[in-house]
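Throughout, protein chains are lettered first and strands after them, A, B, ... in sequence-line order, and every chain is numbered starting at 1. In this text the structure is predicted, and so the values were computed from the model without any measurement.
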There are 2 protein chains.
Amino acid sequence: MDNSHLFQFLASTTTNTNNTYYPFHVSQPPSHHDRALAAMKNHKEAEKRRRERINSHLDQLRTLLPCNSKTDKASLLAKVVQRVKELKQQTSEITELETVPSETDEITVLSTDGDYAGDGRLIFKASLCCEDRSDLIPDLIEILKSLHLKTLRAEMATLGGRTRNVLVVAADKEHSIESIHFLQNSLKSLLDRSNSTDRSKRRRALDRRLIP
Amino acid sequence: MDNSHLFQFLASTTTNTNNTYYPFHVSQPPSHHDRALAAMKNHKEAEKRRRERINSHLDQLRTLLPCNSKTDKASLLAKVVQRVKELKQQTSEITELETVPSETDEITVLSTDGDYAGDGRLIFKASLCCEDRSDLIPDLIEILKSLHLKTLRAEMATLGGRTRNVLVVAADKEHSIESIHFLQNSLKSLLDRSNSTDRSKRRRALDRRLIP
DNA sequence: CAATACACGTGAACC
DNA sequence: TGGTTCACGTGTATT
């Protein structure tokens, strides 16, 4: 088969940057027109790629959030903003508990607004700051167990022989109010017990090391 | 100046739905042209509002994420996707800790992939399951302090005299690998210490109550 | 038909 | 100058 005609055609459509080595009737120097056209094509395609890049990320977000694939961009982004805010606050709440013990004895039982567990339980935060003793934690656990409180999270720190324990606990919604009061009273008696007993025996190497 | 010709022309191009109440030379009923023009204007403005809505959400995301106001849309959305994934995993990891103690002694130190703290620290999870004793927690704290590990989260549960402690700790990125090994060894020795000492003395009312 | 949402190509601005 | 990003107006489909 003879492809010479096709050859000629292809050669004539090429834009040549250096036509020294080619007969003029084969290579056409790039006209302003051609260059503008090529630039336009590039521009067009680049813009398309950019759009696709953005949309692919939006699609990823669609899979990450509780929403179907047919929610419009604006609503999707609104959900994203909301979700990021939520997650940020959630993690900061969890990691930013203040556990550095103070010099004064303290008891706080705070009911957090909102049902974070999502399953009919009320969650609140209890903080106890007092002199450290080795039986404090087990006593605390005993109190929580007797009040049927589930410990979702516990954080503790000791410094200079003093300790602070921050607990995030969940109570059945029906008994949440009474549980809070019971817990407050129990912690109070726990604190009294700590102060009435001899502490020097319970001081340990760790605590002494931590004294500045 | 006489505009009668122009008037005539305009009037002739209008399609009038109801010109009974208006002298034809004063009020111009909406022409196809006019209506199309108004539609175009509406369309144009609506599209502009849509763009502004989307961009305002993007700006909100810019303030929420660690990035300046001059990052382009695609990169911004990429960061958002990454951040949402991180936060999702982080919260699920934190809330889904398994703390029910088992009958066999266990030590696990898992390095989570990724820097969840976002500030050059590596976070990993340590779990210790063994017989309960009152000094266990203080000993644990001592170990963490000596290894310069910051406890982001601690969870514990006792059942039938046995206890499980799950810790989420952060280490400086430079020493994270060594810290993991040191922590494993320290926990191992802690477990040996527990088993070699007399436990009956440490058993307490709480534990006995919990035995089925 | 009007309202809405999207993709597209283009002009402008910025390295 | 070319590569990249943005805003804009428009064509088109879905409701």
Considering just the side-chain nitrogens and oxygens of A:Arg50, establish if one lies under 4.0 Å of OP1 or OP2 belonging to D:dT4.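 For D:dT4, OP1/OP2 do not have a side-chain N/O of A:Arg50 under 4.0 Å.
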
Send over the distance from [X] [atom1] to [N] [atom2], rounded to a whole Å.
X	N	atom1	atom2	result
B:Ile54	C:dT4	CD1	P	14 Å
B:Arg49	C:dA3	CZ	C1'	10 Å
B:Leu76	D:dT5	CG	P	13 Å
A:Lys41	C:dT10	NZ	C1'	17 Å
A:Asn55	D:dC6	CG	P	13 Å
A:Leu58	C:dA7	CG	P	9 Å
B:Lys73	C:dA7	NZ	C1'	13 Å

Side chain to side chain, [X] and [Y], heavy atoms closer than 4.5 Å:
X	Y	result
B:Ser179	B:Leu149	yes
A:Leu183	A:Leu144	yes
A:Val166	A:Arg164	yes
B:Thr71	B:Arg62	yes
A:Leu76	A:Asp72	no
B:Cys129	B:Arg162	yes

Qualifying residues under salt bridge (charged side-chain N to carboxylate O under 4.0 Å, His left out), relative to B:Lys44, sequence neighbours excluded: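 Per chain and number, B:Lys44 pairs via salt bridge (charged side-chain N to carboxylate O under 4.0 Å, His left out) with no residue.
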
Test side-chain contact (heavy atoms from CB on, under 4.5 Å) applied to A:Val81 and B:Leu61, B:Asp59, B:Leu58, the passing residue: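 Filter result, single survivor: B:Leu61.
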
Write down the protein N/O and nucleotide N/O pairs, taken from nucleotides 8-15 of chain D, whose separation is under 3.5 Å; answer none if there are no such pairs.
{"residue": "D:dC8", "atom": "OP1", "partner": "B:Lys48", "partner atom": "NZ", "Å": "2.7"}
{"residue": "D:dC8", "atom": "OP2", "partner": "B:Lys48", "partner atom": "NZ", "Å": "3.1"}
{"residue": "D:dG9", "atom": "N7", "partner": "B:Arg51", "partner atom": "NH1", "Å": "3.1"}
{"residue": "D:dG11", "atom": "O6", "partner": "B:His43", "partner atom": "NE2", "Å": "2.8"}

Is there a donor-acceptor contact under 3.5 Å from the side chain of A:Ser186 to the main chain of A:Phe182?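 A pair under 3.5 Å: yes.
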
Pairwise N/O distances under 3.5 Å, protein to nucleotides 1-3 of chain D:
{"residue": "D:dG2", "atom": "OP1", "partner": "A:Arg35", "partner atom": "NH2", "Å": "2.8"}

